[in-house]
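Here is the structure we will look at, set down as C-alpha cells.
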Amino acid sequence: HATDELLGLGMAPFFYLPHTMFVAEHGLDHFEPSMEAQHALTRRLSAEASIRPYIARDPERTLARLETWTRDPNPHVRRLVSEGTRSRLPWAPRLRAFAKDPSPVVDLLERLRDDPSLSANAAEEMLRWTSPVRSFFRWTQVDTEIGGVQIPAGDVVLDQGRFGFA
C-alpha cells in the first residue's frame, strides 16, 4: 500500500521491502528500535510480514505495542495492526496460534472495527476465520508449470492453501 507521498509511483514503495526484511531477520534482539522501524516503514510499505517474527517471539510485548498503534493517526499503521495479526497471509508465515485461538487479537480488531479505512480488510479477515472453505479453484490464464507439471492455459487448478491462502 502506498502512502500519499508515494501514490502513483508504481513499484517505488517496494524500495522499502529489503528494509522490512532486515528488521524481521536482524532486529529481534533489539525490540524498541525495531518497533520504531516497523512503525516508520509500514507507512511506506506494509510491515505486516515483518511484524510476525516479533509476535512469535514476544507476543505479549508485541501485542501491547500493536494495541497502542490502534490509535495511531496514520491509517497504514492501524492497518498493520489488523493485517499483521491475520492468522494467514499468502506472503508470510501463518500465525497458527491465532488460527486456533484468535482471542489474543480480538480486542485489537474490536478497537479498529469502526475505522472506515480498514473496514474492508477487517471483514475479509473475519471471513477467513469463519469460512469452511479451505481450498478453491483457479483457471490458468497462460501455459504454466507447477511442481514440474505442465498446465495448459484454461485448465483448472485446485489450490488447497499450500501457501497460506484462506
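Throughout, numbering of the chain's residues begins at 1 and tracks the sequence. Since this is a predicted model, take the numbers as computed values, not measurements.
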- [ ] Test the R61-Y54 pair against the cation-pi criterion, namely NZ or CZ under 6.0 angstrom from the six-membered ring centroid and within 45° of the ring axis.
- [x] no
Task: Pairwise distance OG(S87) to CZ(R96) - rounded to 0.5 angstrom - done: 10.0 Å
Open item on the list: Taking the basic N atoms (NZ, or NE/NH1/NH2) and the acidic carboxylate oxygens, is any pair closer than 4.0 Å for R65 and E36?
Closed with: no
Open item on the list: Looking at T140 and G154, would you say the former's side chain and the latter's main chain have a donor-acceptor pair under 3.5 Å?
Closed with: yes
- [ ] Mind listing the closest non-hydrogen atom pair of Q150 and P152 along with its distance?
- [x] O-CD, 3.9 Å
TODO: Kindly compute the distance separating CH2 (W69) from CZ (R78), expressed to the nearest 0.5 Å.
DONE: 13.5 Å
Open item on the list: Tell me the closest heavy-atom pair linking S50 and Q38, and the distance in Å.
Closed with: OG-OE1, 2.7 Å
Task: L45/F15 under side chain to side chain contact (heavy atoms under 4.5 Å, CB included): CA gap, chis, key distance, verdict - done: CA-CA 8 Å; L45 176 78; F15 169 81; over 6 Å; no
Task: Heavy-atom neighbours of E145 CD exceed 12 at 6.0 Å - done: yes
Task: For R52 against P93, the heavy-atom pair lying closest together - done: NE-O, 2.7 Å
Open item on the list: Taking the side chain as everything from C-beta on, heavy atoms only, tell me whether P104 gets closer than 4.5 Å to L63.
Closed with: yes
Open item on the list: Between F22 and L41, is there shared hydrophobic-cluster membership here, with clusters defined by ILVMFWY side-chain heavy atoms closer than 4.5 Å?
Closed with: no
TODO: State, yes or no, whether a side-chain contact exists between I151 and D143 at a heavy-atom distance under 4.5 Å.
DONE: no
Open item on the list: Would you compute the distance between atom CZ of R111 and atom OG1 of T68 and round it to the nearest 0.5 angstrom?
Closed with: 10.0 Å
Open item on the list: How close do N74 and D72 get, counting heavy atoms only, and between which atoms?
Closed with: N-OD1, 2.9 Å
Open item on the list: Once rounded to the nearest 0.5 Å, what's the spacing between atom OG of S34 and atom CD1 of I51?
Closed with: 9.0 Å
Open item on the list: Quick check: do S82 and L109 have side-chain heavy atoms less than 4.5 Å from each other?
Closed with: yes
- [ ] I would like to know whether L108 and T85 meet side chain to side chain contact (heavy atoms under 4.5 Å, CB included); could you show each step before the answer?
- [x] CA-CA 9 Å; L108 297 174; T85 57; 4.1 Å; yes
- [ ] Please tell me if the side chains of V105 and L95 come closer than 4.5 Å, counting only heavy atoms from C-beta onward.
- [x] no
- [ ] Check whether more than 12 heavy atoms from other residues, nucleotides or ligands sit under 6.0 Å from atom CD of E25, and answer yes or no.
- [x] no
Task: Side-chain donor/acceptor of T42 to backbone N/O of A47, under 3.5 Å - done: yes
Task: Heavy-atom check, side chain of V77 versus side chain of H39, under 4.5 Å - done: yes
Task: Basic-acidic side-chain contact under 4.0 Å: R71, E67 - done: yes
TODO: Give a yes or no on whether a salt bridge exists between D29 and R57, defined as a side-chain N under 4.0 angstrom from a carboxylate O.
DONE: yes
Open item on the list: Tell me every residue that passes salt bridge (Lys or Arg N to Asp or Glu O under 4.0 Å) with D114, counting only those two or more places apart in sequence or in another chain.
Closed with: none
Open item on the list: For a quick test of reading the model, state the closest non-hydrogen atom pair linking A49 to A92 and the distance between them.
Closed with: CB-CB, 3.7 Å
Task: Backbone N/O of L112 and side chain of T70: donor-acceptor pair under 3.5 Å - done: no
